[in-house]
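Read the numbers this way: they start at 1 and go in the same order the structure lists the ligands and their atoms.
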Amino acid sequence: MKLCVASTNPAKIGAVTSALEKLTVQAEVNQQEAQSGVSAQPFSIEETKAGAINRAHHVLAGFDAAIGLEGGVFELDGTLYLCNWGALVTSTGAVYVAGGAQVPLPAEIATLLRAGEELGPVMDRYAQETGIRHHKGAIGILTAGKLNRVELFSQIVVLLFGQWQANSD
Ligand SMILES: O=c1[nH]c(=O)c2ncn([C@@H]3O[C@H](COP(=O)(O)OP(=O)(O)OP(=O)(O)O)[C@@H](O)[C@H]3O)c2[nH]1
Ligand SMILES: [Mg+2]
């Protein structure tokens, strides 16, 4: 199967390849930068989910299926949460979506995001590291490494393929 991942972010590519290994799915995995069609910092579940779907559709041409993975934040009861969404679209027109881990963001990070900053650079400053978005992710910082961004998105990819399988049997 020819599969395209709608990102060149190593954390997202790693998530797809580890999920495919876990599922023993044979696929030729390609990657392409993709426009999410939403803001650089999605600020709701709806926007984050839409970004994942848009990405997948934007890179589908020429492939059997495409995967979009998008991180974002959303407000709930006055607290800002991290959220993560994935979409799997197929050349036959199927669309599967799945949400992943959600955790509250520290107030100091929430303040900066509400002021218009993107989570990636904010997390790098907060943790005094670089490129967090490409490996451990905000989830890795916020859970003392108990879950990283690859593992987080890998679970979403398993949910996507599982739905595809359940609807193909
Ligand atoms: O340090 C981070 N750790 C995370 O866990 C995380 N989740 C989301 N974001 C940020 O939210 C925006 C949309 O996310 P995103 O899906 O576009 O991610 P990304 O820009 O890293 O990948 P990509 O666009 O190259 O595929 C981007 O500004 C990301 O910086 C994160 N940053
Ligand atoms: Mg991005």
Side-chain angles (χ1 to χ4, degrees), residues 3-20 29-60 63 65-76 79-89 95-160:
L3 179 68
C4 190
V5 180
S7 173
T8 56
N9 183 321
K12 297 181 181 182
I13 304 304
V16 172
T17 50
S18 68
L20 293 177
V29 180
N30 300 266
Q31 54 184 279
Q32 277 179 32
E33 282 292 352
Q35 288 302 315
S36 66
V38 298
S39 53
Q41 180 56 65
F43 233 89
S44 70
I45 287 176
E46 294 84 353
E47 190 179 9
T48 306
K49 177 165 74 74
I53 296 170
N54 295 344
R55 284 168 180 265
H57 276 129
H58 287 162
V59 304
L60 180 60
F63 296 97
I67 291 178
L69 298 171
E70 186 80 23
V73 297
F74 68 99
E75 298 274 6
L76 180 64
T79 298
L80 205 61
Y81 284 76
L82 176 69
C83 69
N84 297 272
W85 279 84
L88 168 64
V89 299
V95 179
Y96 302 102
V97 293
Q102 299 175 9
V103 294
L105 290 168
E108 65 189 274
I109 291 177
T111 302
L112 294 169
L113 292 185
R114 292 186 183 111
E117 292 204 47
E118 271 194 57
L119 185 56
V122 167
M123 286 312 300
D124 284 358
R125 292 203 309 272
Y126 178 81
Q128 295 179 345
E129 296 186 27
T130 55
I132 289 172
R133 66 203 286 188
H134 294 143
H135 42 84
K136 63 178 80 169
I139 196 75
I141 300 296
L142 299 175
T143 64
K146 295 295 179 279
L147 187 77
N148 64 47
R149 203 178 191 200
V150 174
E151 293 161 338
L152 179 159
F153 275 129
S154 184
Q155 184 189 55
I156 292 176
V157 176
V158 168
L159 295 173
L160 296 171

Tell me which protein heavy atom sits closest to [atom], plus the residue, atom name and distance to 0.1 Å.
| atom | result |
| --- | --- |
| atom 11 (O) of ligand 1 | Q41 OE1, 3.0 Å |
| atom 27 (C) of ligand 1 | E118 OE1, 3.4 Å |
| atom 14 (O) of ligand 1 | G71 O, 3.3 Å |
| atom 30 (O) of ligand 1 | G120 N, 3.0 Å |
| atom 5 (O) of ligand 1 | A138 N, 2.9 Å |
| atom 12 (C) of ligand 1 | A40 O, 3.1 Å |

Where does [X] meet ligand 1, judged by heavy-atom distances below 4.0 Å: at the side chain, the backbone, both, or neither?
| X | answer |
| --- | --- |
| R55 | side chain |
| R149 | side chain |
| M123 | side chain |
| A6 | neither |

- Out of K12, Q35, E70, whose heavy atom is nearest to atom 22 (O) of ligand 1?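 Of the listed residues, K12 has the closest heavy atom.
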
- Item | Heavy-atom proximity to atom 25 (O) of ligand 1, best of A101, G68, S7, P10 |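 Result: the heavy atom closest to atom 25 (O) of ligand 1 is in S7.
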
- Message: Geometry only, no angles: is N9 polar-contacting ligand 1 at N/O separations under 3.5 Å?
- Response: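 Such a contact does occur with ligand 1.
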
- Hey, does R133 come in under 3.5 Å of ligand 1, counting only N/O atoms on both sides?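 N/O-N/O distance under 3.5 Å: yes.
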
- With a cut-off of 6.0 Å (strictly less than), are more than 12 heavy atoms of other residues, nucleotides or ligands near CD of E129?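 For E129, atom CD is crowded (more than 12 foreign heavy atoms under 6.0 Å).
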
Is a side-chain N or O of [X] found less than 3.5 angstrom from the main chain of [Y], in a donor-acceptor match?
| X | Y | result |
| --- | --- | --- |
| R149 | G140 | no |
| H58 | Q35 | yes |
| N54 | V38 | no |
| K12 | L69 | yes |

- Side-chain heavy atoms of V73 within contact of Q41, under 4.5 Å: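 Contact flag for V73/Q41 side chains = yes.
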
Contact summary for [X] and [Y], nearest pair of heavy atoms:
| X | Y | answer |
| --- | --- | --- |
| A15 | F153 | CB-CB, 3.4 Å |
| A6 | V59 | CB-CG2, 3.8 Å |
| K146 | E151 | O-OE1, 4.1 Å |

- Message: Need the ligand 1 atom indices (1-based, order shown) with element for anything under 4.0 Å from a heavy-atom of P42.
- Response: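 Close to P42: 13 (C).
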
- Query: Hey, which of L80, T79, V122 is the one that makes side chain to side chain contact (heavy atoms under 4.5 Å, CB included) with L105?
  - Reply: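 Checked L80, T79, V122 against L105; only one passes side chain to side chain contact (heavy atoms under 4.5 Å, CB included): L80.
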
